[in-house]
Amino acid sequence: MNSYVPESLPPCSVIEDFLSDWFRKCFAKTFPDVDLAGAGSVAVATNPDFGDFQCNDAMPLAKTLKMPPRKIAEQIVSNASLPGVIESLEVAGPGFINIKLDDTFISGRAVSIGNDEQSCIPQCGAGKTVVIDYSSPNVAKPMHIGHIRSTVIGAALDNLYRALGFNVVADNHIGDWGTQFGIIIMGYRHFIDHEKLEESPAAELERVYVKSYAKAGEDESWMDKCRAELVKLQNGDAENLALWKEFIRLSRIEFDKTYERLGVSFDITRGESYYQDALAGIVERLKDNGLARKSEGAIIVDLSDEDQGVCIVQKSDGAFNYATTDIATVDSRVTEFSPARIIYVTDERQQLHFKQFFNICRKAGIAPETTELEHVWFGLMRLPEGTFSTRQGNVIKLESLLDEAEVRALAIIKDSRPNMPEEEAKELSKHIGIGAIKYADLSQDPRTLITFTWDKALSLDGNSGPYLQYAYARICSVMAKYKEQFPETEPSDYPLILGDELERAIALKLALFPGTVRKAALTYRPCVLADYLFDLAQAYSSFYQRVPFLKAEEGIRESRIRLCGIVAGVLSKGLSLLGINTPERI
RNA sequence: GCGCCUGUAGCUCAAUUGGAUAGAGCGUUAGCCUCCGGAGCUAAAGGCUGUGGGUUCAAGCCCCGCCAGGCGCACCA
């Protein structure tokens, strides 16, 4: 058996990268006179029966090379001198090249991942800054289930980018400015219940907002008064300013409670108001370089040539709106952080708005070419009976969702772990309940529409958060038992043997972890990682059921315990990147 | 009307972004704790990938036309 590892493949690197590089060279060597456009990329095999990895790039070359695709693949294979990490290459079907890796190499990879603090996650973001704008709730409204996606997906991306070595600036761009404040101030003046405000500020502020909003709908003079209050606020009226500050203070206390429960934190929380002083200057700049002009009393940037309609940067009453604020925000972030990328996590409804202001930022030179602007949008959450809105009053508050999750988790714990102390059960129900909610969201593509149902959001078995937590806890338990029964032996003194087919599959899966993390981050899809972790847990559970660990003979026993340890490490690391805790006992 | 998105097992979702026999979970049915945690494991049943055409060695994925749904489209964010 060959355990040679080439210099170009350090213990912590992404296998797919190495194989692709190597294959590209093979392609180029075999057909030196042809422009192959970088052909030779390698992907994980679609079916384990075919091998570990596969390269499909021989087939599309049939035309340029004027050869049958299978023949191309055969030539490449026969021309290649295999590095030690590859056990065999095989041409199949119309021209697939199947790659089987060396067992020693695979087990070596798994061990490296187990030994590395960062599980060998590639540091491709070193030296780069990325700003991630997520969650962003509105002041004076409680967070509802519609906010969970931005918060949970954003937080996962935040973790993922940090893990890749990026310098991440997580910014909670809260809605603390805008026309709703006129309405809220009028509502506050006329309807506020100070006791309730004390008890649950956001709910009470929301109540008066809804009431005031409804009144504005039927009474034009009420609306005028709201506008007047807003103008007073924007002109720095002391009383309104004090109210406004108080609303923000109260709201943030409630937001922070929710964030603490969710285990989410931000580097900065700059509301829209932070950028207010810059808005007039932005509009001037846009006018100066000929992008903005007056139309129907407002200042607009006309993008209809590019099928992006018209973007208003200053309303006819002189006030600025969100597009202007967002442009100013980019300007501020670029100046302060020089980010390689700014990522926004919002719902699908804002696609046009993001296209517009990204476009304007480019044209105006506010976003340099070195700063990518990325809108990560997700499908709106709906209720089975349709969309929900604050005004219709059919919202489910985020707090009640979290409460319900914990209640359900607690019921199951009490049922299956009757002897667990009350305190521990309570604590555990938080990890399990919140984990279930996060996993339910993160395990599917962000773009899918989600129709909210309690059962789905709080699913506790099958492909769910608790399933993964359970797999982790069970490993911890086995390892603890091992330590008890064999206090003198140290599994890492024994080699990791891939005797069983499933054992090899698990080790290979482990070896794919670094590349999976990178892919999840760069494609903005935490579900890629969630999927991977579920697969891993499933393979492990199957293995666990099939073979004995503690009662296996010496050597096999230690090898299996070692594998357990690495699986546990990857599960725990992966789940933590998704923002999900892994208790050792559940 | 124009634009963006979605349509895959009864239900909820995958499918390595054009690859080989379309896979999981839930639910249904049948099994599995004299061994380490049954929140688990092993099986079975379940599909004309909305529909009609096209592109090529290869289409759930790309192009065109329909059908159905969601969301946007000038002073809300």
Side-chain angles (χ1 to χ4, degrees), chain A residues 16 43-47 49-50 54 56 59-60 62-63 68-70 92-96 98 136 138 175 177-180 272 295-300 304 307-317 319-323 325-326 346-353 355 377 379-380 382 386-387 409 412-413 415-417 432 440 443-445 447-451 453 455-456 459-464 466-467 469-471 473-482 485 512 515-516 519 523 527-528 531 534-535 538 541-552 560-561 564 585-586:
Chain A
E16 300 91 298
V44 180
T46 52
N47 182 332
D49 293 341
F50 301 143
Q54 64 184 47
N56 304 332
M59 292 177 283
K63 231 172 231 158
R70 190 173 166 108
F96 296 102
N98 291 328
S136 308
N138 285 321
W177 200 250
T179 45
Q180 83 258 33
E272 294 164 340
S295 167
E296 297 176 31
I299 310 286
I300 63 153
S304 43
D307 283 328
Q308 291 179 8
V310 161
C311 180
I312 294 178
V313 292
Q314 187 171 12
K315 301 193 280 187
S316 48
D317 65 2
F320 303 101
N321 61 2
Y322 62 110
T325 307
D326 279 334
T346 82
D347 73 65
E348 60 185 329
R349 289 175 302 184
Q350 303 192 37
Q351 289 176 71
L352 178 60
H353 167 242
K355 275 185 195 161
W377 57 266
L380 214 51
R382 295 176 176 74
T387 50
I412 289 180
I413 294 164
D415 198 44
S416 56
R417 307 277 178 270
I432 293 178
S443 61
Q444 62 182 274
D445 192 291
R447 297 189 174 198
T448 50
L449 304 173
I450 288 190
T451 301
T453 60
D455 284 341
K456 207 198 317 170
S459 161
L460 298 177
D461 39 31
N463 186 356
S464 70
Y467 175 89
Q469 289 170 323
Y470 177 73
R474 213 160 46 164
I475 298 175
C476 290
S477 168
V478 172
M479 294 205 300
K481 285 232 161 67
Y482 175 86
Q485 291 177 27
L512 297 177
T516 304
K519 184 179 170 188
T523 61
C527 63
V528 168
D531 245 27
F534 178 64
D535 268 5
Q538 229 176 6
S541 298
S542 197
F543 183 55
Y544 173 90
Q545 203 81 19
R546 208 171 74 188
V547 305
F549 289 17
L550 301 182
K551 293 204 167 169
R560 286 179 181 162
I561 291 297
C564 276
R585 242 157 57 103
I586 79 167

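We name chains A, B, ... by the order of the sequence lines, and we start the count at 1 in each one.
At whole-Å resolution of the value, CG in D461(A) and C1' in G25(B) are 9 Å apart. Note: CD1 (I561(A)) to C1' (C36(B)) measures 8 Å, nearest angstrom. In this entry the distance linking CE of M59(A) with P of A59(B) reads 12 Å, nearest Å. C36(B) atom C1' lies 13 Å from atom CE of M479(A), rounded to whole Å. Here C13(B) presents its P atom at 11 Å from CG of D445(A), a figure rounded to the nearest Å. Rounded to an integer number of Å, the gap from F50(A) CZ to U21(B) C1' is 8 Å. If you measure from atom CG of N47(A) to atom C1' of A15(B), you get 13 Å, rounded to the nearest angstrom.
Taking 4.0 angstrom as the limit, R349(A) places none of its side-chain polar atoms (N or O) nearer than this to OP1 or OP2 of C5(B). Checking the phosphate oxygens (OP1, OP2) of A77(B), no side-chain nitrogen or oxygen of S136(A) falls inside 4.0 Å. Within the structure, every side-chain polar atom (N or O) of Q545(A) is placed at least 4.0 Å from both OP1 and OP2 of C41(B).
Taking the C1' atom of each, G46(B) and A9(B) are spaced 6 Å apart, rounded to whole Å. When the P atom is used for both C66(B) and C4(B), the distance is 14 Å, rounded to whole Å.
Between the side chain of N98(A) and the base of A20(B) there is at least one donor-acceptor pair of N/O atoms closer than 3.5 Å. Interface remark: the T325(A) side chain does not form any donor-acceptor pair with the A77(B) base, using a distance-only criterion of under 3.5 Å. Counting distance only, with no hydrogens placed and no angle test, the side-chain atoms of Q469(A) and the base atoms of A39(B) include no donor-acceptor pair under 3.5 Å. Counting atom types as modelled, Y470(A) pairs no side-chain N or O with a base atom of A39(B) as donor and acceptor under 3.5 Å.
Within the nucleic acid shown, P68(A) has no heavy atom closer than 4.0 Å to any nucleic acid atom. Using a 4.0 Å heavy-atom cutoff across all strands shown, A319(A) reaches no nucleic acid atom at all. Among the atoms of the strands shown, only primed sugar atoms or phosphate atoms (P, OP1, OP2) are found under 4.0 Å from some heavy atom of F534(A). Within 4.0 Å (heavy atoms only), P548(A) reaches at least one base atom of the nucleic acid.
Nearest approach of Q180(A) to G175(A), heavy atoms of both residues: NE2-O, 3.7 Å.
With sequence neighbours excluded, the residues satisfying ring pair (Phe, Tyr, Trp, His ring centres under 6.0 Å) with Y467(A) are F534(A).
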